[in-house]
**Q** 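Before I ask anything, here is the structure I am working with.
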Amino acid sequence: MQSNSDLASLFTTIADILDIRGENVFRVRAYRNAARTIEGLSEPIHELLARDPAVLDQLPGIGKGLHDKILEYCQHGALSEYAALKASVPPGLLAMLDLPALGPKRVKLLYDTLGIDSIDALEQAAATGRVRALPGMGEKTEAKVLHGIREYKTLHTERMPWSRAKLILDAYLAHLRGVPGVQQLAAAGSYRRGRETVGDLDILVTTHGDARPIIQAFVNYPNVAEVLAQGDTKASVIVQEKIQTDLRVVDNASFGAALQYFTGSKEHNVAIRARAKATGLKVSEYGVFRDETSIAGATEEEVYAALDLAWIPPELREQRGEIEAAADGTLPVLVTRADLQGDLHVHTKYSDGTASMAAMARAAQARGYAYVAITDHSKSVTVAHGLDETAVLRQLDELARVRAEVPGIRILSGIEVDVLRDGTLDLADDVLAQLDFVIATVHFHLELDAAAMTRRIVRALQHPAVRCLAHPTGRRAGTRAPFALDFTAMVAAARAHHVLLEINAAPERLDLDETHAGQARRAGVPLVINTDAHTLAEFDNIDNGLNSARRAWCGAADIANTWPIDRLLTWKTSAT
DNA sequence: GCCGTTTTCGGCCCGACTGTTTTCAGTCG
């Protein structure tokens with residue numbers, strides 16, 4: 001059975017083909033919107049349809065035509081009209097759309113006049129000066145295309161993890177903060193929305209006076225590898241880390257409007273501007289206007305208020321119902337770092353961590369936490385020097401001394417116990433029963449089929465000692481897909497047995513992801529955001545997990561490590 | 001192809017930058 005992303009990419013391809021064919025741009029947009037909607041669903045669309053055939057009627061941007069196409073795709077795994085559509089445009093043209101300076105119009109022009117139907121053919125034409133001869137093209141465009149082809153062939157730019165983007169942005173902002181004339185300064189874009197990965201970096205600056213010296217300082221930043229564009233109010237560069245960075249300069253009266261605009265998402269902005277237009281207003285990056293008069297713009301709050309909307313947290317701005325919720329006053333109050341009272345998954349020198357229990361406890365205390373759980377690996381994880389029963393009891397003894405040594409923070413005894421192939425646990429029940437916080441984890445035998453994996457995990461969730469399931473789907477951000485699993489069944493078991501599901505904040509994991517976290521939240525299963533810290537510094541990875549939780553619309557009540565310690569510890573035994 | 005606080009037809013976000021152009025089309029975000 002095909003996945004949502006297969007259907008989404010089919011719609012995207014159709015949109016690209018229609019674009020090149022010069023069809024109605026709004027029809028093209030309809031396909032792109034539908035692709036996005038489908039991509040954002042938390043469950044496979046054929047399962048949603050099986051449960052509720054009317055589900056498509058509630059999805060925004062899906063009307064009669066796309067409705068029928070989705071049904072056809074779910075029933076037959078293909079669209080009958082797609083073959084003819086695909087045959088109408090050479091496949092190489094679609095790849096050409098990804099090159100800079102080339103959109104549907106120019107790709108079509110290249111094909112119609114020069115017969116260019118692939119990136120290789122284009123490279124040859126550009127290298128021999130045939131591209132510049134076309135109307136509307138010239139030497140510079142030709143050079144830009146050629147340059148783009150070489151980039152495309154050598155680096156193949158990928159999206160960057162949020163945590164890496166943060167390092168680059170923090171340094172860039174620090175550089176700009178010292179530039180004369182700079183007043184307000186903010187990072188925007190998908191970074192501000194807390195997306196797991198970001199495709200480019202966006203910086204907004206305000207000034208009273210002339211923007212050009214600020215633009216100049218931006219492009220002269222030593223870390224800039226290439227200047228792509230430079231105008232009076234904006235500029236684009238590529239930095240050494242191979243990611244595009246855009247700067248926009250406006251004056252203070254427009255700061256909120258520009259921040260709103262520059263934060264996106266694009267789809268959110270389109271919907272916001274359409275809403276404004278319906279009430280006779282116009283929204284741009286300069287403000288909210290009635291006729292020619294600005295009625296809002298200095299802050300984001302007043303921009304949203306001018307549209308009768310509550311301020312919407314950036315993480316929700318994905319056109320997934322946040323505008324309706326803002327209009328109804330039903331936006332969630334999202335969990336913040338200040339709400340967190342503890343970290344419930346950390347390692348020490350007892351297994352594969354680098355610090356002592358006392359050092360980890362002090363580090364947690366320094367973050368303002370009230371509690372921390374020490375959760376080293378169990379014995380079957382031999383590469384991490386996992387603990388056997390004897391070692392667990394020895395650690396428990398030492399912990400009594402560490403508690404006296406580090407007062408002022410509640411240190412929970414715990415373990416990250418492996419779930420064996422058959423769903424039993426890696427340590428004896430009488431030892432597990434002595435620990436405050438037992439986390440179950442799947443590390444091995446990831447190759448099981450969905451039925452076996454689901455049985456295995458559900459069995460572990462039924463164990464009376466288990467309070468939390470760590471990195472529940474086994475995904476690794478950007479590198480490994482979740483293992484085969486009936487996620488809905490797992491969530492139901494977690495709910496029944498009062499087991500917390502983890503949002504693992506380690507940047508290489510981010511498991512659960514925002515989509516699964518949202519599904520667990522809607523099912524009423526409390527989540528827990530843990531760093532899985534193996535070093536003192538890794539406590540700071542918590543922001544990655546907070547991003548996922550906030551993008552899953554989680555409030556503090558949905559996150560168990562915002563709870564007071566008593567509630568946390570009695571949650572398991574309150575299961576019915 | 002979608003959709004309705006003006007609409008079931010006729011709209012569909014808005015503006016900057018570039019390059020190639022003497023007024024604008026195409027691309028981009």
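Letters go in sequence order (proteins before strands), and every chain restarts at 1.
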**Q** Measuring only the C1' atom in each nucleotide, how far is B/dC17 from B/dG10? A whole number of Å is fine.
**A** 31 Å
**Q** Should we say atom CD of A/Gln183 is surrounded by more than 12 heavy atoms from elsewhere, each under 6.0 Å from it?
**A** yes
**Q** Does anything in residues 116-135 of chain A form a salt bridge (charged side-chain N to carboxylate O under 4.0 Å, His left out)? List the pairs, not counting sequence neighbours.
**A** A/Asp120-A/Lys153, A/Glu123-A/Lys153, A/Arg132-A/Glu142
**Q** Please report the distance, rounded to the nearest Å, between CD1 in A/Ile215 and P in B/dC17.
**A** 7 Å
**Q** I need the CG-P distance between A/Asn24 and B/dG11, as an integer number of Å.
**A** 13 Å
**Q** Give me the distance, rounded to whole Å, that separates B/dT20 from B/dC28 when you measure between the P atoms they each carry.
**A** 15 Å
**Q** So A/Lys108, base contact, sugar-phosphate only, or nothing? Heavy-atom distance under 4.0 Å.
**A** nothing
**Q** A/Trp162 vs A/Tyr191 aromatic rings, parallel, tilted or perpendicular, using cut-offs 30° and 60°?
**A** parallel
**Q** What integer distance in Å separates A/Asn269:CG from B/dC12:P?
**A** 17 Å
**Q** Whole angstrom is fine here: how far is it from NZ in A/Lys277 over to C1' in B/dC12?
**A** 8 Å
**Q** Are A/Glu322 and A/Trp553 close enough that some pair of their side-chain heavy atoms sits under 4.5 Å apart?
**A** yes
**Q** Please report the distance separating the C1' of B/dG29 from the corresponding atom of B/dC13, rounded so that it comes out in whole Å.
**A** 12 Å
**Q** Applying a 4.0 Å non-hydrogen cut-off, can you work out what A/Val28 is touching in the nucleic acid: base, sugar-phosphate, or nothing?
**A** nothing
**Q** For the P atoms, the ones on B/dC12 and on B/dT18, what distance do you get once it is rounded to whole angstrom?
**A** 28 Å
**Q** I'd like to compare against my own output: the B/S/- annotation of nucleotides 23-29 of chain B with a strict under-4.0 Å heavy-atom distance to protein.
**A** ---SSSB
**Q** For nucleotides B/dT7 and B/dG11, find the distance between their P atoms and express it as a whole number of Å.
**A** 14 Å
**Q** Looking only at atom P, what distance separates B/dC9 and B/dG15, rounded to whole Å?
**A** 30 Å
**Q** Would you find a donor on one side and an acceptor on the other, under 3.5 Å apart, between the side chain of A/Asp511 and the backbone of A/Thr473?
**A** yes
**Q** Identify, with sequence neighbours excluded, every residue that meets side chain to side chain contact (heavy atoms under 4.5 Å, CB included) alongside A/Val55.
**A** A/Leu48, A/Leu49, A/Asp52
**Q** On DNA chain B, nearest-nucleotide positions of A/Ala30 versus A/Ser284: which is more 5'?
**A** A/Ala30
**Q** When the distance from CZ of A/Arg248 to C1' of B/dA16 is rounded to whole Å, what number comes out?
**A** 6 Å
**Q** Can you see if the side chain of A/Arg29 gets near the phosphate of B/dC13 - specifically, an N or O under 4.0 Å from OP1 or OP2?
**A** yes
**Q** On the 0 to 90° scale, with breaks at 30° and 60°, tag the A/Phe218-A/Tyr172 ring pair as parallel, tilted or perpendicular.
**A** parallel
**Q** Starting at atom CZ of A/Arg21, determine the distance to atom P of B/dG1, rounded to an integer number of angstrom.
**A** 11 Å
**Q** Nearest nucleotide by nearest heavy atom, which residue falls closer to the 5' end of DNA chain B, A/Val270 or A/Tyr286?
**A** A/Val270
**Q** Say we look at B/dA16 and B/dT8: how far apart would their C1' atoms be, to the nearest angstrom?
**A** 37 Å
